[in-house]
Amino acid sequence: MSDVILKIKRQDGPNSRPYWEEFKVPVAPKANVISLLLEIQRNPVNLQGKPTTPVIWDCNCLEEVCGACSMVINGVARQACAALVDTLSKPIVLQPLSKFPLVRDLMVDRQKMFENLKKIKAWVPIDGTYYMGPGPKVAPSVQDERYLISCCMTCGCCMEACPYVNPKSNYMGPTCMAQVKLFNAHPTGAMYKDERLDAIAGDGGIADCGNAQNCERVCPKEIPLVSIIAELNRETAFRGFNRWLKGKPKGPGLAAPG
Amino acid sequence: MKFIVVGGGLAGLMATIKIAEKGENVDLISFVHVKRSHSVCAQGGINGAVNTKGEGDSPWNHFDDTLLGGDYLANQPPVLGMCEAAPGIIYLMDRMGVPFTRTPEGNLDFRRFGGTLVHRTAFSGSTTGQQLLYALDEQVRYWETQGKVNKFEDWDYLSAVIDDNGVCRGCIAQDMKTMEIRSFQGDAVILCTGGLGAVYGKTTNSIINTGSPASSAYQQGVYYANPEMIQIHPTCIGGDDKLRLISEGVRGDGGRLWTYKDGKPWFFMEEWYPAYGNLVSRDVASRGIFKVCRELGLGLDGGDSVYLDVTHLEPDWIEKRQHGVLEIYRKFAGEEPTKVPMKVFPAMHYSMGGMWVDYNQMTNIPGLFAAGECEYQYHGANRLGANSLISCLYAGTVVGDKVMEYCKGLKKTSSDVSSKVFDAEMARQKAGMDKILKFNGPENPYVLKDEMNNYMSTYVGVVRTTKQLQDTDKKLLELMERYKKLGVYDTGGWSNRTAIFIRHLWNMFELARGIVGGSLLRKESRGAHYMPEYPNRDDENWLKTTKAKWTPSGPQFSLEDVDISLVKPRVRRYDVTKDQVIKEAAEKEAASSKEGAK
Ligand SMILES: Cc1cc2nc3c(=O)[nH]c(=O)nc-3n(C[C@H](O)[C@H](O)[C@H](O)COP(=O)(O)OP(=O)(O)OC[C@H]3O[C@@H](n4cnc5c(N)ncnc54)[C@H](O)[C@@H]3O)c2cc1C
Ligand code: FES
């Protein structure tokens, strides 16, 4: 077993001062960044040999499907559970995502991403949970397209990488735009397509995207965010133009399930 | 009326939606953001006898396969209820927009899974759990916008509030950021808190699955049923932090298990079980691999692994159906599974045992309900693949209706209960946390967990012996002594995860003792519980649910008859078809009655 040096940006709470702490950690075969953090829990002593508190971070599934463990690893936002130690340059530098309120150490509060999903009505409205037979038929090609977007774990890596998500902007971020497409591409979801387009036509919406294209590069699920945003751009523009032509008010309200 | 749902996996979210759509309010408490619940990990699919492939499948056939798979330890009526509801539940999820994999005509596609001979498993690529969870999460988010659901995410459930008449009136939970401990008032509390993989550590489960709420309920008087029934999944891969699953769906799509014998590939499952082949039920497959590796010494490189091979399948086709799983293998094993066979071994995956509930999903404490992996009702001694997701969703729908009936019958609601009852339980929990924050001994909690994990994985797995179980129990008692000498390392009052972990650690010890105790008690082999000392199923003495009652000195067990009112238990064989077994049994009976007539 070899050792590796970990350099971690720590912070005891939202109002405390950040500081760096280094650790020397033994690396087991096939270890990922999470294994290293678990090792610190077993032996919370820093490089200087001083006892310290175990590092706090978020993780659940450890197989890159829950989205919890996003952090900035050697300068890039990614999932710690999928970051194998062998593939990383050393020392390994860990920092919390910077676009979200800090909780403690590497843990941040991504609640705003979930709030954004409310704004764009990210659901397929149903009449209720009682038996009503199967859903609409969906072409395999449409299903494939939706499936890819539906793998989004709300991990926040795209938000971290996007220069237009910043304290001065309300931009809801790339993933939120992709979710509009996910629901608009569903036969039932499409009945309320215009409302979702309107939701991203306004403040914090699609116009805030400056096409830096960083989002797609960091997305762990390889969602084609750039082309999706381009497509939505056309659709919102077209809808805006149509509305202007017809001078019509917004569509009907999104039907309530139940 | 006021409802509390604890846990936002499939079971918890379904229960929440059911209650909200009836116009009632729900407080939804969850250790993690519900969208990150362990249900996201489910890969292969969800069972329901929709019968679109001309195979003559039916809910009754699904029911029969499930009972057989569970070695007849499940009470039969609720299992039938689940299998009958399953096609409708899959359709409901379809209506919610789950991107299920489609046929060319745009219908739902179905794949094969273990313990059955038909295509009964709907799937969404190889991330079915993630897709189902997201669809429910979206519906719950809608109900949040309607003011019906109030989420408390990143909160740790601590205990139920039980009044002087023994009725549950709410619960205590802790905000894991601010560390505030508070009480929640509710006329019914529904625990949907998932599995307990962390007790084994070497598991496919999420790292958060400590089973802490179920253990807390057990320590408050809820029976814990069939704790010994722990599923070891045959096809897992390594990792330093946790193990990872290679879905049974891979075999459903044609993957084959083999190892070398006399220098040639040996497809041992196909040889031993010609009828079901690689798709026998999981306990049987794990024992098969165990036999190959430990008894015959034919594991790869002399170890515990065998090959799971998809290299003979058309690469694009298998990639499309199993992308998520194959990616996991690429990422964590570093090899190309469409070119080189995958190396897999059996590991802890699921708990069939759990909180005892009645057919209304209520525990023996009135007002305290349970649904999902944390309860014991649907799988008997072994769960069939793709039956968990359906059992979670079904139990969620049942409990959503039943809590309503229960509350209508209440003479007194939780708001009539004296605040003293809530304050007393809160004080007990606060005192517990204060004690942990003062721990300043030499023992490290994470190290104690590792030691428990090693024993549980090594000795309470595929094959169990009395001696090893006794040694494990001794080890657990030793760890519980050493717990008293723990150090907390972190005495902070903000997001102190170490202190919270220490609380879970004790709860894991209590569950582990239940698992070991149940294993020592059951003197037969049934489903996942296999003891060479008692190699056969013994229906006469052991067609019983084991019920553990917590006492300060360890679990006390009682036995309960299993409701077998619908199907008579048969011998469990996967080398021939069910029809063959039934035919042979009928012939034998006829022969013996002839014999008798003579
Ligand atoms: C890798 C893997 C693959 C699987 N694949 C399949 C499959 O293909 N098909 C199938 O049918 N089954 C599969 N299973 C099994 C299935 O995924 C689970 O049994 C099921 O998802 C459990 O759902 P649940 O709702 O009971 O609990 P979970 O989804 O585990 O949710 C538990 C909830 O409880 C909350 N909770 C836990 N502890 C606390 C606490 N202390 N305080 C407050 N809240 C708490 C959590 O936050 C979470 O929201 C798989 C399992 C694994 C591990
Ligand atoms: S822990 Fe779930 S994505 Fe890393």
Side-chain angles (χ1 to χ4, degrees), chain A residues 12-13 28-32 34-35 38 41-44 51 53-54 56 59-68 81-82 84 103-104 107 109-110 114 117-118 121-126 128-129 131-135 137-140 143 146-147 150-151 153-154 183 186 188-189 256-258, chain B residues 17-18 20-21 32-33 35-38 40-41 88 91-92 94-97 99-108 124-125 127 130-131 134-135 138-139 141-142 144-146 177 206-208 238-242 244 324 328 331-332 334 397 444 446-447 450 489-490 492 494-495 497-498:
Chain A
D12 295 342
K30 305 220 168 109
N32 55 13
I34 305 278
S35 323
L38 291 171
Q41 288 185 329
R42 292 183 195 111
N43 181 25
T53 53
I56 305 295
C59 73
N60 312 335
C61 71
L62 305 188
E63 48 192 59
E64 205 177 37
V65 70
C66 79
C81 64
L84 297 181
V103 176
R104 186 174 171 185
M107 188 182 271
D109 179 354
R110 282 167 284 185
F114 297 107
L117 292 175
K118 291 180 189 162
K121 301 186 163 79
W123 50 79
V124 170
I126 58 167
T129 59
Y131 186 79
M132 277 170 231
K137 289 196 188 201
V138 179
Q143 183 270 336
R146 291 191 69 243
Y147 178 75
S150 192
C151 287
M153 320 178 275
T154 328
F183 295 98
H186 185 268
T188 314
Chain B
I17 293 168
K18 279 282 174 185
E21 82 174 351
V32 298
H33 264 77
K35 194 175 180 177
R36 309 199 194 285
S37 295
H38 166 68
V40 284
C41 290
Y91 284 158
L92 169 63
D94 185 29
R95 283 173 46 226
M96 288 181 191
F100 281 116
T101 299
R102 303 277 159 174
T103 64
E105 192 186 322
N107 293 316
L108 301 181
S124 188
T127 60
Q130 182 188 30
Q131 304 308 327
Y134 288 3
E138 288 147 12
Q139 298 295 322
R141 190 161 292 108
Y142 164 77
E144 259 188 294
T145 65
Q146 302 303 302
K177 251 187 257 167
S206 291
I207 199 164
I208 48 166
D240 181 47
D241 50 344
K242 83 154 199 174
R244 286 155 188 106
I328 285 178
K331 215 161 261 167
F332 295 103
T397 57
N444 178 302
Y446 300 97
V447 171
D450 284 351
Y489 298 100
D490 187 348
W494 175 263
S495 196
R497 295 288 173 137
T498 316

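Each chain gets a letter, A, B and so on, in the order the sequences are listed, and its residues count up from 1.
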Colleague: Check whether B:Arg36 reaches the backbone of A:Cys66 with its side chain - one donor and one acceptor, N or O, closer than 3.5 Å.
Modeller: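 Such a contact is found between B:Arg36 side chain and A:Cys66 backbone.
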Colleague: Please determine whether side-chain contact (heavy atoms from CB on, under 4.5 Å) holds for the pair B:Glu138 and A:Phe183, giving the CA-CA distance in whole Å, both sets of side-chain angles, and the decisive distance to 0.1 Å.
Modeller: CA-CA 11 Å; B:Glu138 288 147 12; A:Phe183 295 98; 3.3 Å; yes
Colleague: Parallel, tilted or perpendicular: which one describes the rings of A:Phe114 and B:His33, with boundaries at 30° and 60°?
Modeller: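 Parallel.
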Colleague: Given a strict heavy-atom distance threshold of 4.5 Å, which part of B:Lys177 is in contact with chain A: side chain, backbone, both, or neither?
Modeller: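 For B:Lys177, the side chain is the part near chain A, not the backbone.
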Colleague: Distance from A:Cys61 atom SG to B:His38 atom NE2, nearest 0.5 Å?
Modeller: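 The NE2 atom of B:His38 is 10.0 Å from SG of A:Cys61, to the nearest 0.5 Å.
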Colleague: Would you compute the distance between atom CG of A:Asn60 and atom SG of B:Cys41 and round it to the nearest 0.5 angstrom?
Modeller: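 Result: 8.5 Å between the selected atoms.
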Colleague: Under a 4.5 Å heavy-atom cut-off, does chain B meet the side chain of A:Leu84, its backbone, both or neither?
Modeller: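 The side chain, not the backbone.
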Colleague: What part of A:Met107 gets closer than 4.5 Å to chain B, counting heavy atoms only: side chain, backbone, both or neither?
Modeller: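 When you check distances to chain B, only side chain atoms of A:Met107 fall under 4.5 Å.
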Colleague: Check whether B:Trp494 reaches the backbone of A:Val103 with its side chain - one donor and one acceptor, N or O, closer than 3.5 Å.
Modeller: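 Judged by distance alone, yes, a pair lies under 3.5 Å.
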Colleague: What I want to check is whether the side chains of B:Asp241 and A:Asn32 have a donor and an acceptor closer together than 3.5 Å.
Modeller: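 Per modelled atom types, B:Asp241 and A:Asn32 side chains form a pair under 3.5 Å.
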Colleague: Between A:Ala122 and chain B, which part of the residue has a heavy atom less than 4.5 Å away: side chain, backbone, both or neither?
Modeller: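 It is the backbone, since no side chain atom gets that close.
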Colleague: Go through the steps for A:Lys121 and B:Arg141 under the test side-chain contact (heavy atoms from CB on, under 4.5 Å), then give the verdict.
Modeller: CA-CA 9 Å; A:Lys121 301 186 163 79; B:Arg141 190 161 292 108; over 6 Å; no
Colleague: Among A:Ala139, A:Gly13, A:Pro44, who wins on heavy-atom pairs under 4.5 Å with chain B?
Modeller: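 Most pairs with chain B among the choices: A:Pro44.
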Colleague: So which atom in B:Gln130 and which in A:Cys151 form the shortest heavy-atom distance, rounded to 0.1 Å?
Modeller: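 Scanning both residues completely, I find the closest heavy atoms to be NE2-O, 3.2 Å.
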Colleague: A:Cys59 and B:Ile207: which non-hydrogen atoms are nearest, and at how many Å?
Modeller: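 Looks like O-CG2, 3.7 Å.
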Colleague: Hey, which of B:Ser37, B:Gly106, B:Pro104, B:Gly324 has the most heavy atom pairs under 4.5 Å with chain A?
Modeller: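 With the most close heavy-atom pairs to chain A, the winner is B:Gly106.
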Colleague: When you measure from the side chain of B:Arg95 to the backbone of A:Val124, do you find a donor-acceptor pair of N or O atoms at a distance under 3.5 Å?
Modeller: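 Pair absent, no side-chain N/O of B:Arg95 close to backbone of A:Val124.
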Colleague: For the residue pair A:Ile126 and B:Gln139, what are the closest heavy atoms and their distance?
Modeller: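 Result for this residue pair: CG1-OE1, 3.6 Å.
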Colleague: Please step through side-chain contact (heavy atoms from CB on, under 4.5 Å) for the pair B:Asn107 and A:Val138, ending with a clear verdict.
Modeller: CA-CA 7 Å; B:Asn107 293 316; A:Val138 179; over 6 Å; no
Colleague: Using non-hydrogen atoms only, which part of B:Thr103 is less than 4.5 Å away from chain A: side chain, backbone, both, or neither?
Modeller: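 The backbone, not the side chain.
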Colleague: Quick check on B:Tyr134 against chain A: is it the side chain, the backbone, both or neither that has a heavy atom closer than 4.5 Å?
Modeller: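 Looking at B:Tyr134, just its side chain touches chain A.
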Colleague: Under a 4.5 Å heavy-atom cut-off, does chain B meet the side chain of A:Ile56, its backbone, both or neither?
Modeller: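 Answer is side chain: those atoms of A:Ile56 sit under 4.5 Å from chain B.
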Colleague: Is there a donor-acceptor pair closer than 3.5 Å between any side-chain N or O of B:Asp240 and the backbone N or O of A:Ala28?
Modeller: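 No; judged by distance alone, with no hydrogens or angles, the pair does not exist.
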Colleague: Pick one of side chain, backbone, both or neither for B:Glu144, based on which atoms fall under 4.5 Å of a heavy atom in chain A.
Modeller: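 Interface part for B:Glu144: side chain.
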Colleague: Dump the intermediate steps for side-chain contact (heavy atoms from CB on, under 4.5 Å) on B:Arg497 and A:Gln41, then the final yes or no.
Modeller: CA-CA 10 Å; B:Arg497 295 288 173 137; A:Gln41 288 185 329; over 6 Å; no
Colleague: With a 4.5 angstrom heavy-atom cut-off, could you sort out which part of A:Asn43 is near chain B: side chain, backbone, both or neither?
Modeller: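 A:Asn43 touches chain B through backbone heavy atoms alone.
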Colleague: Which residues pass the ring-ring contact (aromatic ring centres under 6.0 Å, His included) test with B:Tyr446, not counting sequence neighbours?
Modeller: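 Counting only residues at least two positions away or on another chain, B:Tyr446 forms a ring-ring contact (aromatic ring centres under 6.0 Å, His included) with B:Phe501.
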Colleague: Can you tell me if B:Asp94 uses its side chain to pair, donor with acceptor, with the backbone of A:Pro134 under 3.5 Å?
Modeller: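 Between the backbone of A:Pro134 and the side chain of B:Asp94 there is no qualifying donor-acceptor contact (under 3.5 Å).
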Colleague: Considering all heavy atoms of both residues, which atom of A:Arg42 and which atom of B:Asn444 are nearest to each other, and what is their separation?
Modeller: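 Minimum heavy-atom separation between A:Arg42 and B:Asn444: O-ND2, 2.8 Å.
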Colleague: With a 4.5 Å cut-off on heavy-atom pairs, point out which of B:Gly239, B:Ser124, B:Ala20 contacts chain A the most.
Modeller: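 With the most close heavy-atom pairs to chain A, the winner is B:Ser124.
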Colleague: Under a 4.5 Å cutoff for heavy-atom pairs, which residue among B:Ile17, B:Val40, B:Leu108 has the most contacts with chain A?
Modeller: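 Max contact count across the listed options: B:Val40.
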Colleague: Looking at B:Thr498 and A:Pro54, what are the two nearest heavy atoms and their distance?
Modeller: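 In this case the closest contact between B:Thr498 and A:Pro54 is OG1-CG, 3.5 Å.
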Colleague: Over all heavy atoms of both residues, which pair between A:Lys30 and B:Phe332 is shortest? Give the atoms and the distance, please.
Modeller: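 Closest approach of A:Lys30 to B:Phe332, heavy atoms only: CD-O, 3.2 Å.
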Colleague: Give, as side chain, backbone, both or neither, the part of B:Phe100 having an atom under 4.5 angstrom from any heavy atom of chain A.
Modeller: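 The answer is the backbone of B:Phe100.
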Colleague: I'd like to verify something: which residue of B:Gly88, B:Gly238, B:Gly125 has the highest number of heavy-atom pairs under 4.5 Å with chain A?
Modeller: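 Answer, by heavy-atom pair count under 4.5 Å with chain A: B:Gly125.
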Colleague: Using a 4.5 Å cut-off on heavy atoms from C-beta on, say whether the side chain of A:Glu64 contacts that of B:Ile328.
Modeller: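 Result no, sub-4.5 Å side-chain heavy-atom pair not found.
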Colleague: Would you sort out whether B:Thr127 and A:Tyr147 count as a side chain to side chain donor-acceptor pair (under 3.5 Å), showing the intermediate values?
Modeller: CA-CA 10 Å; B:Thr127 60; A:Tyr147 178 75; 2.6 Å; yes
Colleague: Ion pair present between A:Glu63 and B:Lys331, side-chain N to carboxylate O less than 4.0 angstrom?
Modeller: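 Looking at A:Glu63 and B:Lys331, the cut-off is not met.
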Colleague: Pick one of side chain, backbone, both or neither for B:Thr145, based on which atoms fall under 4.5 Å of a heavy atom in chain A.
Modeller: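 Looking at B:Thr145, just its side chain touches chain A.
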Colleague: How far apart are the C-alpha atoms of B:Asp490 and A:Arg104, what are their side-chain angles, what is the distance that settles it, and do they pass the salt bridge (Lys or Arg N to Asp or Glu O under 4.0 Å) test?
Modeller: CA-CA 13 Å; B:Asp490 187 348; A:Arg104 186 174 171 185; 2.8 Å; yes
Colleague: When only pairs under 4.5 Å are counted, which of A:Asp109, A:Leu38, A:Thr154, A:Ile34 shares the most heavy-atom pairs with chain B?
Modeller: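 Most heavy-atom pairs under 4.5 Å with chain B: A:Thr154.
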Colleague: What part of A:Pro140 is in contact with chain B, defined as an atom under 4.5 angstrom from a non-hydrogen atom: side chain, backbone, both or neither?
Modeller: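 Contact with chain B is through both the backbone and side chain of A:Pro140.
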Colleague: Who among A:Arg110, A:Lys118, A:Gln143, A:His186 has the most heavy-atom pairs with chain B under 4.5 Å?
Modeller: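 Answer, by heavy-atom pair count under 4.5 Å with chain B: A:Gln143.
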